[in-house]
Amino acid sequence: MREDVEALDIKDVTANWVNAEVLSRQIEERIKALADLSHTPLFFGRLDYLHAPGADRAEGAEGERPRPEAAYQTLHIGRRHVHDADGDPMVIDWRAPVSQPFYRASRTDPMDVGLRRRFGYTGGDLTAYEDEHLTDPAEAATTSKLLQQEIERPRVGPMRDIVATIQPEQDEIVRSDLAGSLCVQGGPGTGKTAVGLHRVAYLLYAHRERLSRTGTLVIGPNRSFLHYIEQVLPALGELEVKQATVDDLVAHVEVRGTDDAAAAVVKGDARMAEVLRRAVRSHVTLPTEPVVVVRGSRRWRVPAYELEDIVRELLDRDIRYGAARDALPQRIAHAVLVQMERSGEAPDDRVQDAVARNAAVKAAVKAIWPPVEPAKLVMRLLSDADFLAEHADGILTEEERKTILWAKPARSVKSVKWSAADAVLIDEATDLVQRTHSLGHVVLDEAQDLSPMQYRAVGRRCTTGSATVLGDLAQGTTPWATRSWQEALAHLGKAEAHVEELTAGFRVPTDVIAYASRLLPHIAPGLTPVASVRENPGFFEVRQSADDSRVVAACEELLRNEGSVGLIAADARVPALAEALAAAGIGHLAPGEETTHVTRLTLVPASLAKGLEYDYVVLDEPRAIVDGEPDERTGLRRLYVTLTRAVSGLIVTHAAPLPPELG
């Protein structure tokens, strides 16, 4: 297939150089999508149907040539569609409707499948297969060994796709319709991130033309996380999906400052949207003078009361500030044209445009509806106590206003050390002035850590599209962490979204998740604990360590195993541990570097651990992780995150007493 594309000759099929350039680019992208990934097998399953699936439709479809029934009965399922030189399918895309029984067929509902075969691979080589006869009553139901082996395979390098191991409850989410938004609550290791990424791949398959026009976006919590997941979609043949953090979306100014927790909570509160709306609209001044337009020897006068009616009508419509400002000169010009028609003239659209550009009209618009620069507006709001008090009256308390007010007024936008929360406010103000471009679908991962204003910023990117929200309320580690998904979805503008819960754990071993779940009654009492489906209980120990040498020794011990190792510690402990590792001659990486290096040990600050996974983890000083957060509850949530990063084994080392919540 790749050679066929490479052999295409387009020199005589394009009308001009622009078409040739566009077509060449499309061919290059197609060749990239057909890349031969040596460690990524083209097929991983086989379905033997009892009857030809879709035979009645295929044989009657226009342009379809009849095929023997046997060609329909056995299908190989893979990451992408593969056909032979005659165009006949050899591998069916996992996203095709006919592939769905591979994930959902069961003995109680075989979905017309007699045999399901799973293939096992080692380093890209076919090494095993396993058959399941779904309609044979004599064959007892057993747990798939290949499925267990794939789930428990060592994690080295970036995140892999789970296309061969998608479970029925995950498949339902993946294949949900594009029209509806979806929220997935899933504990550690339930595969919610993978489900979200595979949902993007499925939607691009099912609605490619629409999403190619409107665009898709995956939003992650930080750059390390995005580096970790960046290879999943390309492995599935999808190369065009953009990835970003929330900070990337609102990067109207350079962020150089930070807020204390109290100020960040107030700035992230949804009430700030109304404060900003009032501040933007306060720039509008009702007219007190008429507008006089001179054209040739005639003078046309639009009285102040008529101008006021126009302005009030635009305000009542509550459209974007910039759109209303663009409409105002046309409305004034229309009022002039009405007078011209009454006097017997016959003006057309060109005359109206000319009047709208008249100096007197432009001067009136500037006085009535002046331009607003969002960054300057936010700067004034946060540095002018009177301006803030005027527009936050009845919304923010006096104490809250003092919390977000800058100690020293800023002199210019460039001199301000903007915080991340300030950038979100500027984004809100920007949208009040000019509508934000909307995408077809947005996937928002680790959503539990977003503030209401950040949810609004993401929601603006999918007002005309849909969203997939992924998160775990128990892993919320910000002072403004999400309290309920219903509240979060309302801020996102997707209150109608359906909430699904994943409770089967595929990544974290039984003993590890059971230990971490001791924290759930203290951090998220309403959530169902994750139940690990792994047969291997995992390696788990809690060790007392008098000094850092014991931590280093634990890392050395785990490095003797196959797979990746993560040393996770409170942020303040990272420099000391880096020195201890260097003194012992052990190389290590920072989060996000795993995709380009062969070193298997990563030193992970607790604040960056969310969303990452390692075969083995050494967790240093749980008490220090808890104490590193602003409050006990947030600290325990951070600890819950760090305890659940291991795939095969966990060693907890501590000199200080463990938090009592661990029992």
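One is the number of the first residue; the rest follow in order along the sequence.
For the 3.5 Å distance criterion, the side chains of His498 and Glu500 qualify, holding a donor opposite an acceptor. Residues His441 and Thr216 have side chains that never bring a donor and an acceptor to within less than 3.5 angstrom of each other. Side chains of Asp472 and Gln448: no donor on one and acceptor on the other come within 3.5 Å. There is no side-chain donor-acceptor pair under 3.5 Å between Ser564 and Arg600.
Side-chain atoms of Leu608 and Phe225, non-hydrogen and from C-beta on, never get closer than 4.5 Å to each other. Here the side chains of Leu182 and Val469 are not in contact, with every heavy-atom distance at 4.5 Å or above. Residues Asp445 and Ile219 have side chains not in contact (no heavy-atom distance under 4.5 Å, counting atoms from C-beta outward). By the 4.5 Å heavy-atom criterion applied to side chains, Val565 and Tyr614 are not counted as neighbours. Using a 4.5 Å heavy-atom cutoff, the side chains of Cys555 and Leu567 are in contact. Residues Leu492 and Arg456 fail the side-chain proximity criterion, which asks for heavy atoms closer than 4.5 Å. The shortest distance between side-chain heavy atoms of Phe539 and Leu650 does not fall below 4.5 Å.
Pairs engaging residues 94-105 under the salt bridge (charged side-chain N to carboxylate O under 4.0 Å, His left out) rule: Asp93-Arg95, Arg95-Glu238, Arg104-Asp171 [sequence neighbours left out].
Remark: Arg46 pairs with Asp48 by the salt bridge (Lys or Arg N to Asp or Glu O under 4.0 Å) rule, at least two apart or across chains. Contacts of Ser176 classified as side-chain hydrogen bond (donor to acceptor under 3.5 Å, both in side chains), with partners at least two apart in sequence or in another chain: none.
Between Glu132 and Arg116, at least one side-chain nitrogen of the basic residue sits less than 4.0 Å from a carboxylate oxygen of the acidic one, meeting the salt-bridge criterion. Checked for salt-bridge contact, Lys145 and Glu130 miss the test: no charged N lies under 4.0 Å from a carboxylate O. The residues Glu29 and Arg25 are annotated as salt-bridged, a charged nitrogen and a carboxylate oxygen being separated by less than 4.0 angstrom.
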task: Verify side-chain contact (heavy atoms from CB on, under 4.5 Å) between Arg223 and Leu226, making sure each step is shown before the conclusion.
output: CA-CA 5 Å; Arg223 281 280 148 205; Leu226 292 179; 3.8 Å; yes
- prompt: Would Tyr103 and Gln170 count as a side-chain contact (heavy atoms from CB on, under 4.5 Å) if you check the C-alpha gap in whole Å, the side-chain angles of each, and the deciding distance to 0.1 Å?
  reply: CA-CA 9 Å; Tyr103 301 107; Gln170 296 174 326; over 6 Å; no
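Side-chain N or O atoms of Thr478 include one that pairs as donor or acceptor with a backbone N or O of Asp449 at under 3.5 Å. Side-chain atoms of Glu446 never come within 3.5 Å of backbone atoms of Gly220 as a donor-acceptor pair (strictly under, hydrogens ignored). Side chain of Asp248 to backbone of Thr245: a donor-acceptor contact under 3.5 angstrom is found.
Around CZ of Arg210, the count of heavy atoms belonging to other residues, nucleotides or ligands within 6.0 Å does not exceed 12. Atom CD of Glu3 sits in a sparse spot, with 12 or fewer heavy atoms from other residues, nucleotides or ligands closer than 6.0 Å.
Exactly one residue among Tyr121, Trp94, Phe102, Phe119 makes a ring pair (Phe, Tyr, Trp, His ring centres under 6.0 Å) with Phe44. That residue is Phe102.
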